[in-house]
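All figures in this text were calculated on a predicted structure; none of them were measured in a lab. Because only heavy atoms are used, hydrogens play no part in the values below, and waters and symmetry mates are left out as well, while side chains stay in.
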Amino acid sequence: MTNLIKRKRKLFKVMPFILMIVLFTITYQLFATMKKTAHLELQTNFSLHSQKFKSLVEQRMLAYKHVLYGTKGLFIASDFIDRTEFKSYVKSLMLDKMFSGIQGVGYSMIVPADKKDEFIKKVRLEGFDSYTITPTTPRDFYTTILYLEPFDLRNQKAFGYDMFSNPERRAAMEKSRDNDTAIISAKVTLLQEFEPSMQAGFLMYLPIYEKNTKNETVGERREHILGWIYAPFRVNDLMRGLQGYEDDNFDVEIYDGGSISQESLMYDSYESSKISLFTNKLEMTIAGRNWTILIKSMPNFEKKLDVSKAELVLVFGLIFTVFLVYIIFQLIITKEYAQNKAKEMNKELVIKRNELTNLNTTLESRVEEKTEELQKSNELLEAHIADLELLNSKLTKAKKEALQAAQARSNFISGISHELRTPLNAIINFTDQIIEDFDEILLDKEMQTDTKCFLTRVLLNSRHLLQLINDLLEFTKAEAGKMDYKIEEKDINVALRTAYNNTYSLLNATEVKFNLTLHPTPLIGLVDPRRFLQVLLNLLSNAIKFTNKGSVELKSFVEENFIVVEIKDTGKGIPLDKHIIIFEPFMQVNNIDNGTGLGLGLAKRMCDDMGIGISFTSIEGSGTTFRLIIKKSEG
């Protein structure tokens with residue numbers, strides 16, 4: 001009782017500290033929740049902006065694609081488009097106002113090698129004395145830039161250039177030609193670039209084919225291609241043309257393809273190594289080309305993270321906690337003062353009570369001694385009882401095991417006597433009949449035929465006896481633990497094919513289908529090859545023996561980290577009451593199965609010894625499926 005009072009007093013003293021910790025924890029959790037909520041709100045705002053920017057890029061690139069399709073329509077509607085008409089059409093598009101970000105619209109024409117000089121001469125007659133096709137390296141055909149508007153200083157640098165000579169441009173042009181659609185190229189440096197304002201760029205191509213031609217296949221498109229309507233883009237100019245996206249709240253990076261690297265970087269609005277609070281990676285496909293957009297928050301955007309309410313909750317929570325703990329401390333101090341006064345007043349009473357307490361202590365000591373003696377005696381008694389119960393349990397178990405062993409021996413002797421007597425009686429009877437009628441057999445052909453049938457039955461019963469003896473030997477070895485195993489890494493599919501070939505003849509020209517389905521790759525498992533084949537032959541022979549119509553299937557496959565072998569038949573199945581004893585020695589589905597009753601028990605024992613799981617499912621009248629689970633080799 002005294003210890004309980006002391007513990008309560010100690011608990012009462014530490015209660016303010018416990019309360020302070022609890023209140024601090026609640027305050028901090030509330031602060032963290034409010035701070036997380038503010039963070040999620042700003043993150044949602046950031047995600048919405050990222051999606052808005054993605055949609056803006058997709059819409060703008062779709063508009064550029066429409067510009068190319070409109071230009072293609074101009075070529076389709078006219079027999080011939082000269083430079084003046086092309087310039088007027090592009091000027092009417094008002095690219096700088098309606099489609100800001102596009103560098104221009106051009107037409108690249110295919111020129112065969114044998115018409116190159118004639119073509120250059122024709123273009124020079126238009127007033128371009130220095131025009132030529134570049135690069136000048138000889139090739140089968142050229143794709144020279146013939147028209148490019150607006151024809152300003154930058155675009156004049158690309159005039160006459162054969163874009164097919166560049167791998168990146170050529171890949172996009174070929175893809176556009178073969179698919180009859182608008183395609184953009186990989187990241188390139190445009191010919192229009194010059195120091196000091198160098199930018200990354202790309203080009204969009206749209207093919208033009210000969211009029212009134214059928215262009216449904218790739219071969220037809222390659223045969224009838226005339227050239228490409230195309231548009232060059234400077235990425236920085238393109239991004240500046242997207243209204244409302246460019247501010248100091250976000251850092252936008254655009255990468256060509258799916259990888260993020262310095263080589264694939266096409267655009268970076270702010271080159272900063274600062275780790276951003278929010279980052280959003282967006283994948284998008286623009287005109288057959290994959291882009292990766294990385295949007296990062298900038299300090300100005302991150303300043304919008306309002307945690308003032310959370311901080312206010314933290315401050316007021318701490319103040320409230322300190323105030324409440326102070327009040328409780330004052331109450332405790334007051335209570336301790338009152339208790340001390342009470343102790344002084346009761347001091348005399350305590351002194352008188354000590355004498356009675358000493359007497360009581362002596363009495364309690366004697367009682368405790370007697371109690372300890374009684375407890376020791378009780379413990380010794382309980383130990384003897386426990387020993388007796390343990391001995392009784394062992395005797396009961398030993399008796400049960402002895403009865404089971406006797407019953408098993410009786411069952412074994414009865415089963416083997418029956419199995420040996422049945423075929424021996426048949427052999428004796430058939431042999432006796434042949435000896436008795438031997439003279440008549442030599443003269444009567446009909447009796448010779450019957451005798452041949454008798455001898456066949458003698459042979460079958462002799463083979464049955466031999467199989468029974470072999471099974472008994474194997475079973476005896478297994479029971480004695482003397483069966484040898486040589487576990488090796490073997491291809492399970494090879495064993496299955498061998499078993500299939502060895503048992504196929506058992507069908508005897510019946511209508512039963514025997515299917516072999518192997519896993520497409522080698523399945524290396526840990527087995528004893530000879531014992532594993534013996535198990536397969538046993539299961540397959542049973543499946544064929546009990547299947548009169550339908551099919552027998554042997555297959556292998558992989559399930560998780562194990563190799564699975566299934567032997568499935570559509571035969572008579574196993575009765576439900578036989579399921580729990582089917583693997584016991586001399587157990588047969590019925591009395592006319594003409595088997596030894598040892599095969600499945602021996603197969604189960606060999607599978608257990610090799611670490612192979614064996615199970616089955618069966619519905620009487622519908623068939624049986626045996627399943628072997630083999631551990632894959634880790635080598």
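Across all their heavy atoms, Ser556 and Leu496 have their closest contact at CB-CD2, 3.7 Å. Heavy-atom minimum distance, Glu168 versus Ser185: O-CB, 4.1 Å. What you find for Leu238 and Arg60 is that their closest heavy atoms are CD1-CG, 4.3 Å. Of all heavy-atom pairs between Phe202 and Val235, the closest is CD2-CG2, 4.0 Å. The two atoms that bring Val105 and Phe86 nearest to each other are O-CE2, 3.4 Å, heavy atoms only.
Gln199 and Asp237 are linked by a side-chain donor-acceptor pair at a separation below 3.5 angstrom, with hydrogens and angles left out of the test.
Taking the charged nitrogens against the carboxylate oxygens, Glu174 and Arg222 have no contact shorter than 4.0 Å, which rules out a salt bridge. The pair Lys568-Glu566 fails the salt-bridge criterion, with no side-chain N (NZ, NE, NH1 or NH2) lying under 4.0 Å from an Asp/Glu carboxylate O. Of the charged side-chain nitrogens involved, none lies within less than 4.0 Å of a carboxylate oxygen, so that Lys572 and Glu620 do not count as a salt-bridged pair.
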**Request:** Begin with the C-alpha distance, continue with both residues' side-chain angles, and end with the deciding distance and a verdict on salt bridge (Lys or Arg N to Asp or Glu O under 4.0 Å) for Glu559 and Arg627.
**Result:** CA-CA 12 Å; Glu559 191 173 89; Arg627 169 179 276 220; 3.3 Å; yes
**Message:** One pair to check against ring-ring contact (aromatic ring centres under 6.0 Å, His included): Phe119 and Tyr142. What are the steps and the verdict?
**Reply:** CA-CA 11 Å; Phe119 180 80; Tyr142 305 85; 9.7 Å; no
**Item:** Audit row: Glu511, Lys549, salt bridge (Lys or Arg N to Asp or Glu O under 4.0 Å) steps and yes/no
**Value:** CA-CA 6 Å; Glu511 295 181 357; Lys549 61 180 180 178; over 6 Å; no
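Remark: Tyr500 pairs with no residue by the side-chain hydrogen bond (donor to acceptor under 3.5 Å, both in side chains) rule, at least two apart or across chains. For the side chain to side chain contact (heavy atoms under 4.5 Å, CB included) test, residues two or more places apart in sequence or in another chain that qualify with Met284 are Lys54, Val57, Glu58, Ile286, Trp291, Ile293. Scanning for side-chain hydrogen bond (donor to acceptor under 3.5 Å, both in side chains) contacts around Gln29 gives an empty result, with sequence neighbours left out. In this structure, the side-chain hydrogen bond (donor to acceptor under 3.5 Å, both in side chains) partners of Asp256, at least two apart in sequence or on a different chain, are Arg289.
Using bins of under 30°, 30° to 60° and over 60° for the plane-to-plane angle, the ring pair Tyr147/Tyr107 lands in the tilted bin.
Residue pairs satisfying the salt bridge (Lys or Arg N to Asp or Glu O under 4.0 Å) criterion with at least one member in residues 130-159, sequence neighbours excluded, are listed as follows: Arg139-Asp162. The salt bridge (Lys or Arg N to Asp or Glu O under 4.0 Å) pairs that include a residue from residues 518-527 number zero, where partners must be two or more places apart or lie in different chains.
The aromatic ring centres of Tyr267 and Tyr255 sit 6.0 Å or more apart. If you look at Phe159 and Phe151, their ring centroids are closer than 6.0 Å.
When each of Phe301, Phe278, Phe250 is checked for a ring-ring contact (aromatic ring centres under 6.0 Å, His included) with His49, only Phe250 meets the rule.
Put simply, the side chain of Thr213 does not reach to within 4.5 Å of the side chain of Glu220, judged on heavy atoms. Contact of the Arg169 side chain with the Tyr161 side chain is registered, since non-hydrogen atoms from C-beta on lie closer than 4.5 Å. At least one side-chain heavy atom of Ile612 sits less than 4.5 Å from a side-chain heavy atom of Val527. At a threshold of 4.5 Å between non-hydrogen side-chain atoms, the residues Thr517 and Phe557 do not count as touching.
Here the OG1-NZ distance, from Thr547 to Lys513, works out to 14.0 Å after rounding to the nearest 0.5 Å.
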